[in-house]
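This report refers to the structure that appears directly beneath it.
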Amino acid sequence: MTAELDAIAQKMVADGKGILAADESSGTIKKRFDAIGVESTEENRRDYRELMFRSEAMTKYISGVILYEETIRQKAKDGTPLVSLIEQAGSIPGIKVDAGAKPQPAFPGETITEGLDGLAGRLKDYYDLGARFAKWRAVIDIDTAKGIPSYGSIRANAHALARYAALCQEAGIVPIVEPEVLMDGSHDIDTCYQVTEWVLKTTFEELYYQRIRLEGMVLKPNMIVPGKKAAKQASVEEVAEKTVRVLKSCVPSAVPGIAFLSGGQSDEDATAHLDAMVKLGGLPWKLTYSYGRALQAAPQKAWAGKAENVAKAQAAFTHRAHMNSLAALGQWSSEEERKAA
Ligand code: 13P
């Protein structure tokens with residue numbers, strides 16, 4: 001079992017490949033579809049995801065896809081299970097298993113991610129449906145004036161991540177451990193650094209207490225960036241240097257790979273930051289992408305719910321995935337971006 005877990009984790013972070021986060025909940029995908037004027041019906045959600053899974057990007061640049069409950073059971077228009085499309089492309093199906101971040105009792109303004117009850121049984125079902133990895137996202141907000149985040153919230157979220165990871169590994173499923181420090185707000189980059197350091201230290205402590213096999217997991221963290229509303233934004237070099245520094249001080253080298261979330265960065269920022277980190281070199285783990293918005297904003301816009309736009313949307317998705325693949329190899333440049341566009 002452990003050899004299989006390790007092999008899956010390594011495949012998820014294979015050279016020049018990264019993960020597509022296509023696990024938007026029904027509420028989130030509705031928001032994305034609203035923005036492009038598309039009604040969020042089961043069929044539209046299927047058509048949209050099917051176009052991505054049938055694109056050239058899948059065979060070349062996408063090691064795995066995080067699916068939502070609905071999608072892992074859905075069939076393509078021609079009746080092929082969507083999971084089979086992913087497998088046929090040589091990519092690994094994965095599944096979001098948390099039940100979302102809910103208000104944490106006694107911690108106003110903070111959340112605790114739910115979904116541990118009954119998880120062992122659900123993981124068995126997902127394994128039978130083809131899932132070989134899973135995702136659980138903890139959400140940490142920063143509001144220093146209100147004392148947020150608090151010790152109690154970070155500790156509870158890290159503990160839940162570790163309990164989830166243990167259940168996954170028991171089921172032969174690689175856990176993506178995602179403690180996301182949000183970039184909402186006006187805090188500066190050093191506050192993001194300090195909070196992320198605290199969150200990662202606590203998370204790895206809980207992973208240790210729950211006896212997680214580090215070789216059989218993938219970490220999905222935020223990058224170290226200032227809040228979106230911060231007066232002072234940061235250069236690509238500063239983000240890269242600070243992100244690598246915090247990861248080196250918190251993430252054991254037994255972890256095979258780190259796949260970042262994009263968190264609301266622009267498409268090109270998410271790519272440039274990853275590229276700059278890989279170019280720093282001397283890293284003990286692989287660095288790659290596990291982007292949702294930064295991979296899908298362009299294809300969503302190109303598609304706009306119209307069948308005649310499918311090829312255009314697939315090209316837009318493949319382009320973004322290609323740029324991020326180059327970044328994961330430290331071979332991206334803004335010239336590549338223009339050349340391929
Ligand atoms: P973003 O890249 O849009 O942040 O999404 C990644 C993800 O899976 C968040 O849980």
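These numbers come from a predicted model, not from an experiment. When a ligand or atom number is given, it counts from 1 through the structure's own listing order.
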I want to know if ligand 1 touches [X] in the polar sense, i.e. an N/O pair below 3.5 angstrom.
X	value
I66	no
A294	no
S262	yes
S290	no
Y291	no

>> If the test is side chain to side chain contact (heavy atoms under 4.5 Å, CB included), which one of R320, R49, M52 qualifies with L20?
In response: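 The single option meeting the side chain to side chain contact (heavy atoms under 4.5 Å, CB included) with L20 is M52.
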>> Under 4.0 Å from a heavy atom of R293: which atoms of ligand 1 are those, numbered in the order shown and with their elements?
In response: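 In order of numbering, the contacting atoms are 1 (P), 2 (O), 3 (O), 4 (O).
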>> Give the atom numbers and elements of ligand 1 that come within less than 4.0 Å of a heavy atom of G263.
In response: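 Result: 1 (P), 2 (O), 4 (O).
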> For atom 8 (O) of ligand 1, which candidate among E178, R137, K220 provides the closest heavy atom?
Replying inline: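 Closest candidate by heavy-atom distance is K220.
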> Mind checking whether F33 and W303 have ring centres under 6.0 Å apart?
Replying inline: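 They qualify: ring centres under 6.0 Å apart.
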> Hey, does K135 sit under 4.0 Å from ligand 1 if you only count heavy atoms?
Replying inline: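 Within the 4.0 Å threshold, so yes.
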> Strictly under 4.0 Å, does any heavy atom of K96 approach an atom of ligand 1?
Replying inline: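 Judged by the 4.0 Å heavy-atom criterion, K96 does not count as contacting ligand 1.
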>> Does atom CD (E205) have a neighbourhood of more than 12 heavy atoms from anything else shown, all under 6.0 Å?
In response: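 Atom CD in E205 is crowded, with more than 12 foreign heavy atoms closer than 6.0 Å.
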> Does some side-chain heavy atom of S63 sit less than 4.5 Å from a side-chain heavy atom of K11?
Replying inline: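 A side-chain contact is absent here, since even the closest heavy-atom pair is not under 4.5 Å.
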> Any side-chain heavy atom of T111 within less than 4.5 Å of one from K102?
Replying inline: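 No, every pair of side-chain atoms sits at 4.5 Å or beyond.
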Do [X] and [Y] sit within salt-bridge range, that is, some charged N less than 4.0 Å from a carboxylate O?
X	Y	value
R46	E42	no
E268	R338	yes
E70	R45	yes

> Which heavy atom of the protein is the closest neighbour of atom 5 (O) of ligand 1, given with residue, atom name and distance?
Replying inline: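 Heavy-atom neighbour on the protein nearest atom 5 (O) of ligand 1: G292 N, 3.5 Å.
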